[in-house]
Chemist: 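Got a structure here, written out as structure tokens. Questions coming.
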Amino acid sequence: MSVGMIGLIHAVDRFDPERGVKFATFAVPTIRGEIRRYFRDHTWGIRVPRRIQELSLRAREAQDSWSQTRGRAPTYPELALALNVTQEDLVEALEVGRQYESVSLEAAAEDADGDRPTAADRAGEEDRDLEALPQRDQLARALRRLPPRERVVIVLRFFNDLSQQEVGQRLGISQMHVSRLQHQALRGLRKIIGKSEG
């Protein structure tokens, strides 16, 4: 059964003719909503909690709207405030949103030599980072124990490769404050990891 048909059935079930609204006026948004939900739930390349999917989509729409009305991109605090969410949840949703579309293994991309190898052609090498997996897991667990703001600074600085100035602009704080938060976070990570190894 098609998704549109399911939406139509829901519309029939919920339609109340006594409200004086035409059936088509009521049914079209219901069907459209069912189709949107289907695409939202089935077009992600990885399994993502629905709450994060929805926040990712809302954040993208809010960013576009903000940029159009104010002529600049919003900072993370501004966007988090506009969406009434924490900065940490916002960063997570935006990062997840970047993973929204998966790349086909058959998709070709031109390299420096002018060749067009597919993703499958480039895959299959031995993963040099495999040995570092236990340390990465330990770091991920240690990061979760940091205060949210320090965690966001570390993620933006070292995982997203932003400068302290760029992090400050995103968070709406000074570069000096970013530097202090980064030092605190690194000290905290060293302590957490030191305790887990001891």
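Since this is a predicted model, take the numbers as computed values, not measurements.
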Chemist: In Å and rounded to the nearest 0.5 Å, what is the CD to CG distance from Q164 to L156?
Modeler: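 CG of L156 is found 12.0 Å from CD of Q164.
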
Chemist: Rounded to the nearest 0.5 Å, how far does CZ of R14 lie from CG of D16?
Modeler: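 Reported value, rounded in 0.5 Å steps: 13.0 Å.
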
Chemist: How many angstroms lie between CG in L90 and CG in L81, if you round to the nearest 0.5 Å?
Modeler: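 L90 atom CG to L81 atom CG measures 11.0 Å (nearest 0.5 Å).
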
Chemist: Sub-3.5 Å donor-acceptor pair from the side chain of S179 to the main-chain atoms of Q175, do we have one?
Modeler: no

Chemist: Between atom CZ of R51 and atom OG of S56, what is the distance when rounded to the nearest 0.5 Å?
Modeler: 12.0 Å

Chemist: Do the side chains of V91 and Y76 get nearer than 4.5 Å, heavy atoms only?
Modeler: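 The answer is yes; the side chains approach within 4.5 Å.
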
Chemist: Could you go step by step and tell me if R180 and I173 meet the side chain to side chain contact (heavy atoms under 4.5 Å, CB included) rule?
Modeler: CA-CA 11 Å; R180 279 194 295 268; I173 58 178; over 6 Å; no

Chemist: State, to 0.1 Å, how close P77 and L171 come at their nearest heavy-atom pair, and which atoms those are.
Modeler: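 Taking P77 first and L171 second, the nearest heavy atoms are CG-O, 2.6 Å.
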
Chemist: Taking all non-hydrogen atoms of both residues into account, name the closest pair between L146 and A185 and its distance.
Modeler: CD2-O, 3.8 Å

Chemist: Grab the two heavy atoms, one from L162 and one from R157, that are nearest each other, plus how far apart they are.
Modeler: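 In this case the closest contact between L162 and R157 is O-NH1, 2.7 Å.
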
Chemist: Does a salt bridge link E78 with R72, judged by any charged N lying under 4.0 Å from a carboxylate O?
Modeler: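 Here E78 pairs with R72 in a salt bridge, since their nearest N and O are under 4.0 Å apart.
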
Chemist: To the nearest 0.5 angstrom, please state how far the CD atom of Q63 sits from the CD atom of E61.
Modeler: 11.0 Å

Chemist: I'd like to know if the side chain of E150 and the backbone of P147 have a donor-acceptor N/O pair within less than 3.5 Å.
Modeler: no

Chemist: If you group Ile, Leu, Val, Met, Phe, Trp and Tyr by side-chain heavy-atom gaps below 4.5 Å, do L57 and W66 land in one group?
Modeler: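 No: no chain of side-chain contacts under 4.5 Å links L57 to W66.
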
Chemist: Is the backbone of S65 close enough, under 3.5 Å, to the side chain of T69 for a donor and an acceptor to pair up by distance?
Modeler: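 Flag set: sc T69 to bb S65 pair under 3.5 Å.
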
Chemist: Can you see which heavy atom on P74 is nearest to which on L79, and at what distance?
Modeler: CG-CD1, 4.0 Å

Chemist: So which heavy atom on A73 is nearest to which on S67, and how close?
Modeler: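 Closest heavy-atom pair between A73 and S67: CA-OG, 3.6 Å.
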
Chemist: Just wondering, do I154 and L186 contact through their side chains at under 4.5 Å, heavy atoms?
Modeler: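 Result yes, sub-4.5 Å side-chain heavy-atom pair found.
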
Chemist: In Å and rounded to the nearest 0.5 Å, what is the CG to CG distance from L94 to L55?
Modeler: 7.5 Å

Chemist: In the structure I gave you, are the side-chain heavy atoms of L143 and F158 within less than 4.5 Å of one another anywhere?
Modeler: no

Chemist: Dump the intermediate steps for side chain to side chain contact (heavy atoms under 4.5 Å, CB included) on R144 and R141, then the final yes or no.
Modeler: CA-CA 5 Å; R144 284 193 290 271; R141 280 188 268 121; 3.0 Å; yes

